[in-house]
Amino acid sequence: MNTVWLLVICISIVSAAINGRIDAFTKAMFEAGKAAVEVCLYLVGIVSLWLGLTKILEDSGLIYKLSNFFRPAISFLFRKIPEGHPAITSITLNLLANLFGLGNAATPLGIKAMEDLQTLNTETDTITFEMMLFIVINTSSIQLIPFTTIGLLASYGSRNPNAIVLPTLISTLISSATAVGILYLFKKFSRKDR
Amino acid sequence: MDTLSVVFQGLIPFFIFFTVIYGFAKGVPVYDSFVSGAKDGIGIIMGIFPYVLAIFIAVKTFEASGAHDVIKKMFSIIAGPFHLPPEIFSVAMVKPFSNAASLGIFTEILKTTGPDSLASLISAVIMGSAETTFYVLAVYLGAVGIKKTKCLVPVCLAADMTGIIIAIILVKLMF
């Protein structure tokens with residue numbers, strides 16, 4: 001993350017200088033500050049909302065039933081999570097939200113899942129394999145139906161906006177599988193190192 | 001499609017309704033429960049804010065500096081021999097950083113090349129299959145204060161790349 005950030009900032013400054021857009025660079029920085037505050041304010045609302053709702057689910061015991069139902073699949077991938085740990089539930093809910101394309105609901109649930117996974121972490125500043133797995137599955141985003149995209153295609157008069165559903169699903173599945181595969185390879189590889 | 005979108009629109013309201021009723025039936029003080037859960041929200045976001053800010057500064061300055069245009073030109077030179085529309089690289093490149101920005105570019109492509117063009121279709125598949133990787137990384141890692149990420153960033157990028165390449169190939173084959 002450090003390298004990527006450094007690289008992007010440096011490229012931006014250099015090319016701003018070359019293109020004579022130094023003033024635009026400065027302006028963009030302040031705009032970024034404003035945009036970050038706006039996004040976070042918005043997130044405060046929905047994250048709190050979902051945390052409140054999941055708290056009701058937790059208190060009513062429904063969440064444990066839900067996680068029982070999905071445990072076999074999640075436990076298969078996340079072997080190190082002990083049975084009955086809240087991480088299983090939050091991961092399940094996050095993946096379900098992603099599956100249905102409820103991005104707004106997925107983010108707060110994902111944050112919750114990360115916090116639950118952190119309670120299992122022994123070195124608090126180092127990522128665990130489970131966290132990597134969870135993030136990788138998340139960033140390669142398995143989504144059944146991409147609503148926003150279809151909606152946009154349709155509103156611009158596409159003949160058959162639903163035609164993109166199948167290729168989208170296939171490519172997202174392949175990219176997820178690749179990511180998980182690479183991650184497992186890395187895990188094996190780093191074990192041999194020891 | 002219409003019935004389907006109605007079902008999906010109803011999903012969240014139904015979920016909320018179900019949660020509240022189920023909690024009530026189980027004797028949970030739903031209001032107190034909700035408030036005590038929601039209390040944690042602002043703390044989490046306070047922790048995330050600096051990470052989001054860092055990402056936004058990188059994205060916005062990158063766009064404003066003109067570096068984006070330069071890289072796009074480079075891509076169109078590479079893409080020429082494969083008969084790929086150069087527009088799709090803007091989407092592929094911006095999507096990992098910002099959903100809003102990539103949506104803007106996608107809409108622009110729809111407007112300029114038409115909704116059934118190759119560029120639009122490939123971009124649509126990329127939009128649906130790639131994720132805002134850096135944003136997700138910043139938010140999720142920021143939430144728990146992880147600093148040592150091992151191989152996570154390269155793996156995520158590899159996954160994005162695979163998704164984008166597969167998207168291009170599939171659309172080329174199917175349309």
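The chains referred to below are lettered A, B, ... by the order of the sequence lines, with proteins before strands, and numbering in each begins at 1.
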Name the member of B:Cys156, B:Cys151, B:Gly163 that forms the most heavy-atom pairs with chain A at distances under 4.5 Å. B:Cys151
Measuring heavy-atom distances to chain A, does B:Lys60 have an atom under 4.5 Å in its side chain, in its backbone, in both, or in neither? both
Counting heavy-atom pairs under 4.5 Å with chain B, the top scorer among A:Ala16, A:Gly33, A:Ser48 is A:Ser48
Among the options B:Gly145, B:Ala54, B:Ala167, pick out the one with the most heavy-atom pairs lying under 4.5 Å from chain A. B:Ala54
Is the closest side-chain heavy-atom distance between B:Phe62 and B:Met93 below 4.5 Å? yes
Winner by heavy-atom pair count (cut-off under 4.5 Å) against chain A, out of B:Val30, B:Leu110, B:Ile126: B:Leu110
Region of A:Thr126 in contact with chain B, defined by heavy-atom distances below 4.5 Å: both
If you measure only the distance, is there a donor-acceptor pair under 3.5 Å linking the side chains of B:Thr162 and A:Ser175? no
A:Ala17 versus chain B, heavy atoms under 4.5 Å apart: side chain, backbone, both or neither? neither
Close side-chain approach of B:Thr61 and B:Ser65, heavy atoms under 4.5 Å: no
Should B:Lys148 and A:Asp125 count as an ion pair when the cut-off is N to O under 4.0 Å? yes
My understanding is that only residues two or more places apart in sequence, or in another chain, count here; which of them pass ring pair (Phe, Tyr, Trp, His ring centres under 6.0 Å) with B:Phe24? none
Do the ring planes of A:Tyr184 and A:Phe129 sit parallel (below 30°), tilted (30 to 60°) or perpendicular (above 60°)? perpendicular
In terms of heavy-atom pairs under 4.5 Å with chain B, which of A:Leu49, A:Asn160, A:Leu166 leads? A:Leu49
Looking only at B:Gly41, B:Pro154, B:Ala38, B:Gly43, the option with the highest number of non-hydrogen pairs under 4.5 Å against chain A is B:Ala38
Quick check on A:Val14 against chain B: is it the side chain, the backbone, both or neither that has a heavy atom closer than 4.5 Å? neither
Selection from B:Leu170, B:Ile146, B:Ile166 maximising heavy-atom pairs under 4.5 Å formed with chain A: B:Ile146
To the nearest 0.5 Å, what is the distance between NZ (A:Lys112) and CD1 (A:Ile91)? 11.0 Å
Kindly write out the residues that satisfy ring pair (Phe, Tyr, Trp, His ring centres under 6.0 Å) with A:Phe30, not counting sequence neighbours, or none if the list is empty. none
Heavy-atom cut-off 4.5 Å, strictly under: side chain, backbone, both or neither for A:Asp59 against chain B? both
Any side-chain donor-acceptor pair under 3.5 Å between A:Asn121 and A:Thr128? no
Within the supplied structure, the quantity of interest is the number of heavy atoms (other residues, nucleotides, ligands) at a distance under 6.0 Å from B:Ile42 CD1; does it exceed 12? no
So which residue, A:Ala163, A:Ala154, A:Gly181, A:Ala35, ends up with the most heavy-atom pairs under 4.5 Å with chain B? A:Ala35
Proximity breakdown for B:Val28 and chain A, heavy-atom pairs closer than 4.5 Å: side chain
Option that, when pairs with chain A are counted at under 4.5 Å, heavy atom only, ranks first among B:Ala143, B:Gly23, B:Ala58: B:Ala58
Please flag which part of B:Val35 lies under 4.5 Å from any non-hydrogen atom of chain A: side chain, backbone, both or neither. neither
